[in-house]
Amino acid sequence: QVQLVESGGGSVQAGGSLRLSCAVSRSAGCNYDMSWYRQAPGNEREFVSLISISSNTNYSDSAKGRFTISRDGAKKTVYLQMNSLKPEDTAMYYCKTERAFGGYWCRSGDWGQGTQVTVSS
């Protein structure tokens, strides 16, 4: 089973920046479109950004213009650079495998354990 490990969260003041990382391991020859989601206390998990295996990207309206998703194929890592952070960005951030490519054993829909981002005003 693929393993996703997020890191890079922390506490920053409004206007600051963070870079989240999602390391993909045990992928067994599979490749994935990858996404970031977030969940604030009392809220549903919401989509933030997606990057395809060909590095096409998509962003939520709240992330557009402030966040940048990227991937390093050699390192099997997906990044989320977050700039101009706002208190409303405070949430647990999760990465997720989306469309899977490779063998028949490759599946999508796995989540990491999350990394906490806290933005103070």
Side-chain angles (χ1 to χ4, degrees):
Q1 181 177 353
V2 68
Q3 186 175 36
L4 308 178
V5 179
E6 301 98 333
S7 62
S11 297
V12 297
Q13 290 190 328
S17 298
L18 285 171
R19 188 176 82 153
L20 307 184
S21 300
C22 173
V24 182
S25 61
R26 302 179 185 174
S27 57
C30 305
N31 206 350
Y32 305 91
D33 293 348
M34 296 292 298
S35 60
W36 285 96
Y37 283 74
R38 68 186 183 185
Q39 187 169 20
N43 290 357
E44 293 187 355
R45 196 168 294 190
E46 65 175 6
F47 170 80
V48 176
S49 185
L50 179 144
I51 186 165
S52 72
I53 60 169
S54 55
S55 295
N56 292 318
T57 60
N58 192 20
Y59 298 92
S60 66
D61 287 343
S62 61
K64 207 169 295 183
R66 299 187 299 126
F67 295 1
T68 303
I69 192 170
S70 61
R71 66 191 301 159
D72 183 329
K75 296 181 179 179
K76 294 188 176 182
T77 302
V78 178
Y79 303 98
L80 186 69
Q81 176 68 43
M82 305 188 297
N83 298 328
S84 302
L85 283 162
K86 305 174 182 180
E88 51 263 43
D89 295 318
T90 295
M92 186 74 78
Y93 284 71
Y94 301 89
C95 63
K96 178 189 176 192
T97 57
E98 297 289 355
R99 284 192 305 167
F101 303 86
Y104 65 91
W105 60 90
C106 301
R107 67 175 193 183
S108 61
D110 288 300
W111 296 85
Q113 84 291 346
T115 186
Q116 177 67 38
V117 171
T118 303
V119 185
S120 58
S121 57

Each residue besides Tyr104 in its hydrophobic cluster should be listed here, by chain and number; the cluster joins Ile, Leu, Val, Met, Phe, Trp and Tyr at side-chain heavy-atom distances under 4.5 Å.
Trp105
Is it true that a side-chain atom of Ser108 and a backbone atom of Arg99 form a donor plus acceptor pair closer than 3.5 Å?
no
Between Lys76 and Ser27 the two heavy atoms that sit nearest each other are NZ-OG, 3.0 Å
If you group Ile, Leu, Val, Met, Phe, Trp and Tyr by side-chain heavy-atom gaps below 4.5 Å, do Ile53 and Tyr79 land in one group?
no
Quick one: do Lys64 and Asp61 make a salt bridge, cutoff under 4.0 Å?
yes
Are the side chains of Met34 and Arg71 in touch, meaning some heavy atoms are under 4.5 Å apart?
yes
Heavy-atom donor-acceptor pair, Glu6 side chain to Gly114 backbone, under 3.5 Å:
yes
Quick check: does any side chain N or O of Thr97 sit under 3.5 Å from a backbone N or O of Asp110, one acting as donor and the other as acceptor?
yes
With side chain to side chain contact (heavy atoms under 4.5 Å, CB included) as the criterion, how do Phe67 and Leu85 come out once you've worked through the C-alpha distance, each side chain's angles and the decisive distance to 0.1 Å?
CA-CA 9 Å; Phe67 295 1; Leu85 283 162; 4.0 Å; yes
Where Gly109 and Lys96 come nearest, the two heavy atoms and their spacing:
CA-CE, 4.0 Å
Please name the pair of heavy atoms, one in Ser62 and one in Arg38, separated by the smallest distance, quoted to 0.1 Å.
OG-NH2, 3.3 Å
When you measure from the side chain of Arg66 to the backbone of Ser84, do you find a donor-acceptor pair of N or O atoms at a distance under 3.5 Å?
yes
Any donor and acceptor pair, going by atom type alone, linking the side chain of Tyr93 with main-chain N or O of Leu80 inside 3.5 Å?
no
List the atom pairs, donor and acceptor, that lie under 3.5 Å between side-chain atoms in residues 13-26 and the rest of the protein, sequence neighbours left out.
| unit_1 | atom_1 | unit_2 | atom_2 | d |
| --- | --- | --- | --- | --- |
| Ser17 | OG | Asn83 | OD1 | 2.9 |
| Ser25 | OG | Gln3 | OE1 | 3.3 |

Measuring from Cys95:SG to Ile51:CD1, what's the distance to the nearest 0.5 Å?
12.5 Å
Members sharing Tyr94's hydrophobic cluster, built from side-chain contacts under 4.5 Å between Ile, Leu, Val, Met, Phe, Trp and Tyr, are Tyr37, Phe47, Leu50, Met92, Trp111
Please answer whether the main-chain N or O of Asn58 pairs with a side-chain N or O of Ser49 as donor and acceptor at a distance below 3.5 Å.
yes
Provide the closest heavy-atom pair for Leu4 versus Gln113 in the form atom of the first, atom of the second, distance.
O-OE1, 3.5 Å
Is there a donor-acceptor pair under 3.5 Å between the side chain of Asn43 and the backbone N or O of Ala40?
no
